Amino acid sequence: MADATPDMKDIVALAKRRGFVFPASEIYGGINGFWDFGPLGTALKNRVRDAWWRDMVTCPPIGPDGAPLSIVGLDSAIIQNPKVWEASGHVGGFSDPMRKCPGCGHFVRADHLQSILATDSEWVQELYEILMWKTGFNEVSHDHLRHWAATKGRKSAPNLAIVRNIDSVLSHIPEGRYPEDEWAPGHFKFFQLLATEQPNAPSVTGLQDPCPRCGAPLGGPVETSLMFASHTGVEQNDASKVYLRPETAQGIFINFKNVLDSTRVRVPFGIAQVGKAFRNEVTPRNFIFRGREFEQMEMEWFCHPDDAALWREFWLAERRRWWEALGIRPENLQMREHEKDELSHYAKEGLGTQDVEYRFPFTAPGFGELEGVAHRCAFDLTQHQEHSGTKMEYRDPVTNETYMPHVIEPAAGLTRGVLAVLCDAYTPDPSRPSGVYLNFAPHMAPVTAAVLPLTAKPAHVEPATKLYMALRPRFAAELDVKQNIGKRYARQDEIGTPYCFTVDNDTLSDQTVTVRHRNTMAQERVALDKVPAFLAEKVG
RNA sequence: GCGGGUGUAGCUCAAUGGUAGAGCUCCAGCCUUCCAAGCUGGCGGUGCGGGUUCGAUCCCCGUCACCCGCUCCA
């Protein structure tokens with residue numbers, strides 16, 4: 001929508017009502033993080049997927065030098081040898097140690113605790129203000145601390161040790177000036193002191209870390225993992241443990257040599273794959289935007305390290321262009337460079353990552369990720385070479401140079417792509433009976449054409465059936481006979497069918513039908529035998 | 001994982017500690033020459049599990065799902 005942002009509730013309701021997306025396992029109460037695609041949702045997803053495959057593998061873009069790129073397809077197993085995920089860094093790194101607060105139940109990432117305390121804690125901010133104002137961070141005053149703990153601190157940090165037991169905590173906080181000391185106010189250790197009642201008690205091992213929200217001493221790190229685990233074979237033990245892939249990319253890297261040896265590709269070239277991936281997200285949210293099972297469209301572009309910058313720029317532009325070609329409004333798309341500290345483990349050393357983002361209704365006015373274009377360097381091939389002992393280096397047949405190729409990875413979310421296309425098409429229109437229509441680009445619409453006899457009389461149904469049979473082999477066509485014409489138009493509006501062909505009495509005399517255009521509701525007449533050509537022109 | 005909210009038919013909503021209703025949709029039939037029209041008929045429901053009660057959709061507890069806000073998002 002260029003104007004008002006549509007309501008996500010309405011989109012979810014329409015998606016279910018018309019068979020795009022259903023809650024998974026709905027009759028059993030559903031299951032958090034999973035969704036089922038209905039008939040039209042499947043059709044739409046296939047449209048997006050097929051467009052990607054066509055534009056990546058069947059007919060890849062023309063490269064900077066004017067020659068078509070070389071990209072081949074792959075479909076690897078969802079379950080791989082577990083060593084794949086150790087080598088890729090997912091088993092070790094795809095988990096964040098979390099710490100739980102026994103006081104308020106707050107869950108905080110262990111490695112972010114200091115920065116969260118420094119910037120996102122209400123009670124720390126209060127202390128900052130008091131200490132800044134009173135002493136400029138240079139001095140600890142028991143009077144100030146005592147006053148805060150007895151008043152404001154009771155509300156903002158009720159479980160902080162100094163609030164619960166002022167005298168005991170003050171007794172081990174030295175008073176005075178020590179600007180360079182690590183205990184100085186503003187340093188992490190100072191807040192640890194405030195959170196620790198008896199630092200030397202035998203039952204307590206050193207200083208406590210306070211909860212940013214309530215001040216209670218945080219519990220130890222809890223191991224979490226975003227990896228779905230399963231077992232191969234009927235015996236379930238550590239040796240049989242396997243993982244469902246959290247990304248399709250590794251299937252490509254571990255087949256790098258196979259593809260090289262079995263096809264005639266030469267660097268630079270790409271390997272593309274579409275498939276399911278699984279992540280145990282902490283909080284699945286926002287409809288199908290973040291599910292625990294989702295689908296990816298990933299292409300790994302292997303190139304000479306010296307050319308990585310060139311190809312990165314190429315793919316950044318190309319991928320944004322591609323999303324626009326799906327019919328998504330350009331103003332709802334943006335590119336965003338990742339900050340240094342949000343770069344993935346495999347992209348730390350490279351030229352950075354940029355996302356293609358879409359303005360989803362639930363992120364508006366902000367944007368949410370559709371696709372990431374990452375410079376993975378030689379990280380993955382190097383890791384697999386080390387872990388597997390298989391040489392992954394590439395020997396250029398012309399120059400005889402041997403090197404580890406770098407990888408530019410455009411990794412797109414198919415599931416998110418479907419959501420973006422759906423949201424972008426959703427167009428409320430109070431002036432029409434359905435109140436809404438889906439403004440899909442004609443080539444993306446699940447149903448391209450509906451053939452509608454004006455009445456259910458044989459005189460109308462017979463020519464309509466004939467037309468439908470002519471369209472069926474080439475186009476996603478529907479024949480709908482039942483109900484009055486208005487209801488049928490309304491239904492086609494709601495599922496986003498761009499063209500309806502209606503057979504009426506005039507058809508019988510002059511062999512023409514009306515074409516009803518979805519967006520304008522305008523009608524024009526077209527000869528029966530010209531309908532296939534009409535559609536072919538519209539959907540390419 | 002935390003806090004708040006919601007949960008009655010496919011959808012929108014009503015009602016009551018005592019047989020759960022309407023409109024629209026959908027299906028069948030009639031009628032109908034272009035935008036959910038009209039007539040007749042039909043399908044279909046209290047998220048799930050406990051508890052209190054003679055009796056629970058309503059009250060209580062738990063659970064599940066969704067929404068909002070946190071948190072998280074290699």
Side-chain angles (χ1 to χ4, degrees), chain A residues 7-10 12-14 16-19 22-35 85 88-96 98-101 103-109 111-112 116 120 211-214 222 224-227 246-247 249-250 277 279-287 289-292 338 342-348 353 362 368-369 372 374 376 379 411 431-437 452-457 459-460 482-494 500-508 513-516 518 521-523 525:
Chain A
D7 193 331
M8 209 54 213
K9 274 165 89 172
D10 297 330
V12 174
L14 183 139
K16 185 185 170 190
R17 184 165 75 248
R18 291 305 185 185
F22 306 126
S25 319
E26 192 183 16
I27 62 171
Y28 290 103
I31 178 166
N32 192 0
F34 298 88
W35 300 85
W85 305 110
S88 71
H90 285 87
V91 169
F94 205 54
S95 60
D96 302 309
M98 306 289 287
R99 299 185 64 179
K100 190 176 182 179
C101 171
C104 65
H106 190 60
F107 227 43
V108 61
R109 255 180 79 162
D111 55 341
H112 285 185
I116 291 170
D120 289 326
C211 169
R213 192 172 292 186
C214 74
V222 181
T224 60
S225 176
L226 295 184
M227 297 280 280
E247 63 172 17
Q250 296 306 323
R279 299 179 189 181
N280 248 324
E281 297 288 357
V282 176
T283 310
R285 272 291 165 89
N286 294 323
F287 198 35
F289 180 77
R290 177 175 292 121
R292 288 183 167 140
H338 276 213
E342 64 178 314
L343 289 175
S344 311
H345 60 276
Y346 51 70
K348 289 271 188 250
T353 298
F362 46 81
E369 179 184 353
R376 294 184 80 129
F379 177 86
S431 75
R432 66 177 69 202
S434 59
V436 64
Y437 65 101
L452 312 172
L454 190 57
T455 75
K457 291 175 184 169
H460 292 154
K482 298 298 175 72
Q483 303 291 354
N484 73 65
I485 191 69
K487 288 188 184 182
R488 283 177 282 165
Y489 284 150
R491 174 174 180 276
Q492 297 300 337
D493 277 350
E494 274 203 344
C500 292
F501 297 95
T502 304
V503 173
D504 59 12
N505 282 346
D506 291 348
T507 308
L508 309 182
V513 290
T514 59
V515 190
R516 187 260 194 188
R518 175 195 61 205
M521 297 192 283
Q523 298 187 355
R525 291 202 80 87

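Quantities reported herein were computed from a predicted structural model and do not represent experimental measurements. Each chain gets a letter, A, B and so on, in the order its sequence line appears, and its residues count up from 1.
- B:rA56: no Watson-Crick or G-U partner with both key distances under 3.5 Å is found in any strand.
- As rounded to the nearest Å, B:rU12 and B:rU71 have C1' atoms that lie 35 Å from one another.
- Rounded to whole Å, the P atom of B:rC58 lies 14 Å from the corresponding atom of B:rU19.
- Of all nucleotides listed (B:rG10, B:rC34, B:rA28), B:rC34 comes nearest to the side chain of A:Gln523.
- For B:rC34 and B:rG41, the P atoms lie 27 Å apart once the distance is rounded to whole Å.
- Summarising the geometry, atom OG1 belonging to A:Thr514 is positioned 8.0 Å from atom CG belonging to A:Leu454; distances are rounded to the nearest 0.5 Å.
- The pairing partner recorded for B:rC27 is B:rG41, the criterion being a Watson-Crick or G-U wobble arrangement whose two distances lie under 3.5 angstrom.
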Under 3.5 Å, side-chain donor or acceptor atoms of residues 22-33 of chain A against the rest of the protein: list the pairs with distances, not counting sequence neighbours.
from    : atom 1 : to      : atom 2 : distance (Å)
A:Glu26 : OE2    : A:Lys16 : NZ     : 2.8

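- Looking at heavy-atom distances under 4.0 Å, A:Ala13 makes no contact with the nucleic acid at all.
- Proximity of A:Asn484 to the phosphate of B:rA37: a side-chain N or O atom is located under 4.0 Å from OP1 or OP2.
- Each of A:Thr507, A:Val515, A:Thr502 was compared with A:Arg525 under the side-chain contact (heavy atoms from CB on, under 4.5 Å) criterion, and only A:Thr507 meets it.
- In this entry the distance linking NZ of A:Lys482 with P of B:rC27 reads 7 Å, nearest Å.
- Side-chain atoms of A:Cys500 and A:Tyr489, non-hydrogen and from C-beta on, do get closer than 4.5 Å to each other.
- A donor N or O paired with an acceptor N or O is not found under 3.5 Å between the base of B:rA65 and the side-chain atoms of A:Asn32.
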- Item | Criterion side chain to side chain contact (heavy atoms under 4.5 Å, CB included) on A:Lys487 and A:Lys482, from CA distance to verdict | CA-CA 9 Å; A:Lys487 288 188 184 182; A:Lys482 298 298 175 72; over 6 Å; no
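- A donor N or O paired with an acceptor N or O is found under 3.5 Å between the base of B:rC34 and the side-chain atoms of A:Tyr489.
- Checked against B:rC34, B:rA37, B:rG29, the side chain of A:Lys487 finds its nearest nucleotide in B:rA37.
- Judged by atom type and distance alone, A:Arg516 reaches the base of B:rC35 through a side-chain donor-acceptor pair under 3.5 Å.
- Remark: B:rU63 base-pairs with B:rG47. Criterion, Watson-Crick or G-U wobble with two distances under 3.5 Å.
- The side chain of A:Gln483 lies closest to B:rC27 when the candidates are B:rC27, B:rU32, B:rC11.
- Residues A:Phe289 and A:Tyr28 each lie close to RNA chain B; by heavy-atom proximity, the contact nearer the 5' end of the strand is made by A:Tyr28.
- Here A:Thr514 lies in heavy-atom contact (under 4.0 Å) with a base.
- Between the CE atom of A:Met8 and the P atom of B:rC67 there is a distance of 9 Å, given to the nearest Å.
- You'll find the side chain of A:Glu247 reaches within 4.5 Å of the side chain of A:His90, heavy atoms only.
- One can place CZ of A:Arg491 at 17 Å from P of B:rC11, the figure rounded to the nearest angstrom.
- Using Watson-Crick or G-U wobble geometry with both donor-acceptor distances under 3.5 Å, B:rC70 finds its partner in B:rG1.
- The nearest whole Å value for the distance from the CD atom in A:Glu26 to the P atom in B:rG47 is 13 Å.
- Distance, A:Glu494 CD to B:rC24 C1': 12 Å, rounded to whole Å.
- Comparing B:rC2 with B:rC59, their P atoms sit 24 Å apart, to the nearest whole Å.
- Rounded to whole Å, the C1' atom of B:rU25 lies 12 Å from the corresponding atom of B:rC43.
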- Could you go through the side chain to side chain contact (heavy atoms under 4.5 Å, CB included) check for A:Met227 and A:Val91 one step at a time? CA-CA 7 Å; A:Met227 297 280 280; A:Val91 169; 4.3 Å; yes
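- A:Asn286 has no side-chain polar atom (N or O) that falls below the 4.0 Å cut-off from OP1 or OP2 of B:rC66.
- What separates CD1 of A:Ile27 from C1' of B:rC64 is a distance of 14 Å, to the nearest Å.
- Distances from the side chain of A:Lys16 to the nucleotides B:rC11, B:rU32, B:rG29 place B:rC11 closest.
- Distance, A:Arg488 CZ to B:rU25 P: 14 Å, rounded to whole Å.
- The same atom, C1', is picked in B:rA20 and in B:rU8; the two are 8 Å apart, to the nearest Å.
- Atoms CD1 and CG, from A:Ile485 and A:Asp504 in turn, are 9.5 Å apart once rounded to the nearest 0.5 Å.
- One donor-acceptor pair, N or O on each side, does fall under 3.5 Å between the base of B:rG69 and the side chain of A:Arg285.
- Heavy atoms of A:Gly33 sit under 4.0 angstrom from primed sugar atoms or phosphate atoms, though from no base atom.
- Here, B:rA65 and B:rA56 have their C1' atoms 22 Å apart, quoted to the whole Å.
- In this structure, A:Arg18 reaches the bases: a heavy-atom distance under 4.0 Å links it to at least one base atom across the strands shown.
- When each of B:rC70, B:rA36, B:rU32 is scored by its nearest atom to the side-chain atoms of A:Thr283, the top-ranked nucleotide is B:rC70.
- In this entry B:rA22 has B:rU12 as its Watson-Crick or G-U wobble partner, both defining distances falling under 3.5 Å.
- You'll find that the side chain of A:Pro433 is closest to B:rC35, out of B:rC35, B:rC66, B:rC11.
- Straight-line distance between the P atoms of B:rG7 and B:rG23: roughly 23 Å, to the nearest whole Å.
- Taking atom CG of A:Asp504 as the reference point, atom P of B:rC35 lies 12 Å away to the nearest angstrom.
- Between B:rA37, B:rC34, B:rC11, one nucleotide has an atom nearer to the side chain of A:Thr502 than all others, and that is B:rC34.
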